[in-house]
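All ligand and atom numbering here is 1-based and tracks the order in the structure. Residues take their numbers from the sequence shown, with the count starting at 1. Only a predicted model underlies this, so the values are computations on that prediction, with no experimental measurement involved.
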Amino acid sequence: MDLHTGNPPVGNLPSLKILLAGPRGFCAGVDRAIKIVEEAIRRYGAPVYVRHEIVHNRFVVESLERQGAVFVEELDEVPDDAPVVFSAHGVPKAVPAEASRRKLFYLDATCPLVSKVHREAEQHFARGRHMLLIGHAGHPEVVGTMGQLPEGTVTLIEDAAQARTAPVPSGLPLAFITQTTLSVDDTADIVAALRERFPDIHAPAKEDICYATTNRQAAVKAIANRADLMVVVGAPNSSNSLRLVEVAERAGCPRAVMVQRGRDLDLSLAEGVSTIGITAGASAPEVLVEEVLTRLRERFSLLIEEVVVAEETITFKLPAALVTEPAR
Ligand code: 10G
Ligand code: SF4
């Protein structure tokens, strides 16, 4: 019996075991960000501009484009009379400041868990601490978090080697904060190196790596050593999805690949394999996981088992302007 469809094995197709990681796919911050764009289009009409991909997924971006969203990278591409939404990854303070100066109507889809890190950064700064931000250079969340504070007050730390050697200003108390989508294990190593070098460093009261990142990595670990191949549905610019590929391989899966769509999966990878694990990054909708299953059904009769390591019930409210304010 095919556990996913309830159907018996199809024809003479060879059977293939599928382990579906749970949780996988959309997190609460992504769900909220997409709803913000959809609701803005509904209230204000197209076009609604979005600064940066609302989340790092082409399928999501293209479906919002069809509804009337226009994606740009910078605010100067937004006309004065159009609403603009800032992406879920967060923006430097200069962005809303410039939007206000231009009297643009803007909605901030920054995930509340990223905004929480922004506030931590401000509080450390207010207490005179120099900040070490653990994260990946150039990633929009890192750009946004660094941009909460004046230039030169945050040092980016990308790995344990930098934690041991990066120059920091002398005589100032230190604190660290992190990007929300990092590898839990790599970050633990980096934090250990920082604590060894700076025993008095201030740490976040509660993990900056978010619940969704933590749960998706734990779910991959739970199935990695039972799978011959791990398929991660996600995009090459999606930090949290890239981490799932790494986590799978480090947790004992012989091979992990990322696919954006079902059609991207090279079926020859599944030949001679008995079990495939499947997960999806926080920005990848479940319909794309279903595409991967449909693709595999071209050659195999699937036996699907879902392995759930955590239940997620968290949701985030939409910005007040979309709940209370009448349409313009
Ligand atoms: O994993 P990253 O940060 O690259 O983003 P994403 O759009 O792929 O997934 C959702 C995560 C965020 C919005 C960053 S907190
Ligand atoms: Fe928010 Fe975490 Fe999702 Fe980022 S990955 S949008 S921090 S819930």
Side-chain angles (χ1 to χ4, degrees), residues 23-37 50-64 69 71 73 85-92 107-121 133-148 156 158 177-184 186-187 204 206-220 232-247 258-261 279-286 288-289 310-319:
R24 63 180 176 278
F26 277 11
C27 60
V30 164
D31 193 56
R32 172 179 180 267
I34 294 169
K35 283 189 179 135
I36 288 173
V37 179
V50 184
R51 185 189 175 281
H52 192 67
E53 287 189 339
I54 186 74
V55 298
H56 292 147
N57 187 277
R58 287 310 305 164
F59 180 89
V60 169
V61 165
E62 285 165 14
S63 37
L64 291 172
F71 289 85
E73 276 310 309
V85 179
F86 304 148
S87 86
H89 315 91
V91 287
L107 293 160
D108 189 354
T110 303
C111 177
L113 299 180
V114 174
S115 301
K116 184 197 87 167
V117 179
H118 291 181
R119 286 195 301 274
E120 279 172 49
L133 169 60
I134 305 173
H136 299 288
H139 187 280
E141 182 183 339
V142 164
V143 173
T145 300
M146 291 187 91
Q148 300 307 303
L156 182 63
E158 291 196 84
I177 53 177
T178 84
Q179 196 177 337
T180 57
T181 54
L182 299 179
S183 152
V184 169
D186 285 351
T187 306
K206 198 175 168 296
E207 273 273 43
D208 289 335
I209 297 177
C210 77
Y211 82 94
T213 299
T214 306
N215 289 346
R216 279 151 194 67
Q217 290 178 18
V220 163
V232 177
V233 182
N237 60 339
S238 169
S239 166
N240 79 88
S241 308
L242 289 168
R243 302 292 81 77
L244 295 177
V245 175
E246 293 168 2
V247 165
M258 172 180 276
V259 298
Q260 302 202 54
R261 301 293 300 261
T279 186
S283 45
E286 183 66 7
L288 300 182
V289 172
E311 296 292 343
E312 294 180 343
T313 53
I314 184 166
T315 56
F316 295 126
K317 283 191 259 172
L318 295 187

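A salt bridge is defined here as a Lys NZ or Arg NE, NH1 or NH2 lying under 4.0 Å from an Asp or Glu carboxylate O, and E120 with K206 fails to meet this definition.
Using cut-offs of 30° and 60° for the angle between ring planes, the H89 and H56 rings count as parallel.
Below 4.0 Å from some heavy atom of Y211 lie the following atoms of ligand 2, by number and element: 8 (S).
Using a 4.5 Å cut-off on side-chain heavy atoms (C-beta onward), V91 and R51 make contact.
The shortest heavy-atom contact between S238 and S283 is OG-OG, 3.6 Å. Residue R32 comes nearest to K317 through the heavy atom pair NE-O, 2.7 Å, listed as atom of the first residue, atom of the second, then distance. Closest non-hydrogen pair, V55 versus V61, comes out as O-CG2, 3.9 Å. The two residues E207 and K116 come nearest to each other via the heavy atoms O-NZ, 3.3 Å.
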Give a table of atom pairs where an N or O of ligand 1 lies under 3.5 Å from a protein N or O.
residue  : atom  : partner : partner atom : Å
ligand 1 : 1 (O) : S239    : N            : 3.2
ligand 1 : 1 (O) : N240    : N            : 2.8
ligand 1 : 1 (O) : N240    : ND2          : 2.7
ligand 1 : 3 (O) : H139    : NE2          : 3.0
ligand 1 : 4 (O) : H56     : ND1          : 2.8
ligand 1 : 4 (O) : H139    : NE2          : 2.8
ligand 1 : 4 (O) : N237    : O            : 3.4
ligand 1 : 4 (O) : S239    : N            : 2.6
ligand 1 : 5 (O) : H56     : ND1          : 3.4
ligand 1 : 5 (O) : H89     : NE2          : 3.2
ligand 1 : 7 (O) : H56     : N            : 2.7
ligand 1 : 7 (O) : H89     : NE2          : 2.9
ligand 1 : 8 (O) : S238    : OG           : 2.6
ligand 1 : 8 (O) : N240    : ND2          : 3.3
ligand 1 : 8 (O) : S283    : OG           : 2.7
ligand 1 : 9 (O) : N240    : ND2          : 3.0

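With hydrogens and angles left out, the side-chain atoms of E141 and T180 include a donor and acceptor closer than 3.5 Å.
Atom CD1 of I209 is separated from atom CZ of R243 by 10.5 Å, given to the nearest 0.5 angstrom.
Around atom 1 (Fe) of ligand 2, protein N, O or S atoms at less than 2.8 Å comprise C111 SG.
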**OP:** Quick one: do N237 and E53 satisfy side chain to side chain donor-acceptor pair (under 3.5 Å)? Show the steps, please.
**Re:** CA-CA 10 Å; N237 60 339; E53 287 189 339; 3.2 Å; yes
